[in-house]
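Accompanying notes for the structure given below.
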Amino acid sequence: MSFSELGLSPKVLEAITAAGYTTPTAIQTQAIPHALQRKDVMGLAQTGSGKTAAFVLPMLSMLEKGRARARMPRTLILEPTRELAAQVEESFATLGKNHKLTVALLIGGVAFDPQAAKIDRGADVVIATPGRLLDHFERGRLMMSGIEMLVIDEADRMLDMGFIPDIERICKLLPFTRQTMFFSATMPPEIQRLTETFLHNPVKIETSQRSSTAESIVQQLVQAPHDPKAKRDTLRTLIRTQDNIKNAIVFANRKTTVALLDKSLRQHGFNAGALHGDMDQSARMKTLAAFRANELTILIASDVAARGLDIPDVSHVFNFDVPTHSEDYVHRIGRTGRAGREGHAFTMVTREESKQLKGVLDLIKKDIPYFKLDNVVAEPEPSAVPVRPKRESKRIRPPVQAPQPRVEEPLPEPNVVVAERPSRNPPRHKHEAVDDSSGFHAGNMPAFLVKR
Ligand code: AMP
C-alpha cells in the first residue's frame, strides 16, 4: 500500500514525500481512508506506530476546504502533556508545510495572552491540553461550536492523569455532528465507556502491540540493591559497562527519584538532564531540545513526562525501577529499537520489585534474561557500612572482569510467582541525600558520556 492510494490530497502527498515517508504504517493505512470519509475512528495504537500522522494527514486534507473564523477553531486535538502537544504542532509544521494554516498551541505553563491572540485571529487547528483549553473557554476567549473534527490522543494517559472529567466536559461543548478520532494504547473500562458515550459507530483499528515489534530490542534485567544510594551506584556501573551508548533514557517511577538521579549523575560527571512534571515548561522544552540535538546524552524521565515523546534513535533505555503499571514497561522500552535499529533496554530489579516484575513478564509474555553485572556495589546492611570515604573513590572504570562482588541473595527466576516479603532494609528516607562518594571520575568515562 502506498500513500497515494489512501485518498489524501496532492498537497498532503507532496509534504509526505518531503518528510521522507515512503510507506504508510499499519495505523495510517487503516485509519486514513475512514477518516477521510468523515467516520469516527477508534485506534488502539502506541507511540511509535505513526499515529500522529494518522490523524494529522486526513485533517490537513479536510482543512483545505473552508477557512477559520475568529475565536472559532475548526479542529481540536487534545493531548495529555505539553510536550506531546508541542510535538503534534511540529508534525503540522512538517506535514502541513504546503497549507497556510493557523495552528494554535494551548498548553499550560506559558503565557495565556499570546495564545488568546492567536485564537482571536482564527485558528484552523487547536492543539491543547485539557486544562488550558477549558481556561480559554471559561474566559470567553474561545468558542467550540465550530469544531468539525476532534482528536483525543493518548486517552489512557489522560485517564492516568485524571483528565477524564475535563474530556467529558469538552466533548459536551462540541457540536454533536463533529468527527472524532480517538487513540489509546490500552482500553481500560473507563476508556471503553468514554468511547461508547462520545463516538458514533467508530471504525475500530488495532495495530499490533509494540511488544511484538520489539525483536530489535535486547532486553535484560539487572539485579539491584534496594538501598537508594547503592542502587544509584549500580546504575552508574551499569551505564559504564555499555560502550556503545549513543544516547539513553533513564526512567524512574517517581519525580523525586528523577530529580535525585539527575543531580547524582551530573555530580558524577555524566552529561545528563531531567524531565519531570514539576519542572516548568521552558526548562522541560530546553532539556528535550538539548537531548534531541545530542547535546545531552542521558535523559532521566518519569513516565508521565516522557509519554509519547518522539525521540528518534535512542540507543539505550535504563529502567531505574520496574514500572508500577506494567504497560509503562512497553512504552519505556519502545523508546529504543525503533525502525528496526538495535536497541538495549535494561531494567534494574530489587527483591522488593518482584511483584511488579511478574506483572511485566505476564504482560509481554516473554522471559527476560539477567545481565550479569559484576562489581555491583553491594547493598549495605542496615545500620552498617556508612558512606564510603572519599579516598576510596579512585576506582577505575570497572566493567565486566572486575573481582567478584559480594553477591546479594538471588532474585527469583523470571516468571516465577513470589510472595512479597518485608524488606530487610530501613525504609527509604523521604529526602535522600545525593551520594557523592562512589567516585567515578569524568576522566574515567567514555567521552560521549561526559558533560561538556
Ligand atoms: P508517532 O507514533 O506518531 O509518534 O510517530 C513516530 C515516528 O515515526 C515519528 O518520528 C514520525 O515522524 C515517524 N513516522 C510516522 N509515519 C511514518 C511513515 N509512514 N514512515 C516513516 N516514518 C514515519
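Just follow the structure's listing: the first ligand is 1, and inside any ligand the first atom is 1. Along the sequence shown, the residues carry numbers beginning at 1.
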Side-chain ion pair, R157 and D328, N-O less than 4.0 Å: yes
Is any NZ, NE, NH1 or NH2 atom of the basic residue among D124 and K100 found under 4.0 Å from an Asp or Glu carboxylate oxygen of the other? no
Check this for me, if you would: do E83 and R284 make a salt bridge, where the nitrogen-to-carboxylate-oxygen distance has to be below 4.0 angstrom? yes
Residue-level breakdown please: for Q28 versus ligand 1, do any non-hydrogen atoms fall below 4.0 Å on the side chain, on the backbone, on both, or on neither? side chain
For ligand 1, which atoms sit closer than 4.0 Å to a heavy atom of T23? 18 (C), 19 (N), 20 (N)
Nearest non-hydrogen contact with atom 4 (O) of ligand 1 belongs to which option: T52, V88, T22? T52
Could you tell me whether Y21 and ligand 1 have an N or O pair separated by under 3.5 Å? yes
Quick one: look at F3 and ligand 1, take heavy-atom pairs under 4.0 Å, and tell me if it's side chain, backbone, both or neither. side chain
What do the steps show when you test F318 against H344 for ring pair (Phe, Tyr, Trp, His ring centres under 6.0 Å), and what is the final call? CA-CA 8 Å; F318 298 97; H344 299 268; 9.3 Å; no
Close N or O approach (A53, ligand 1; < 3.5 Å): no
Carboxylate-amine/guanidinium contact E168 R193, below 4.0 Å: yes
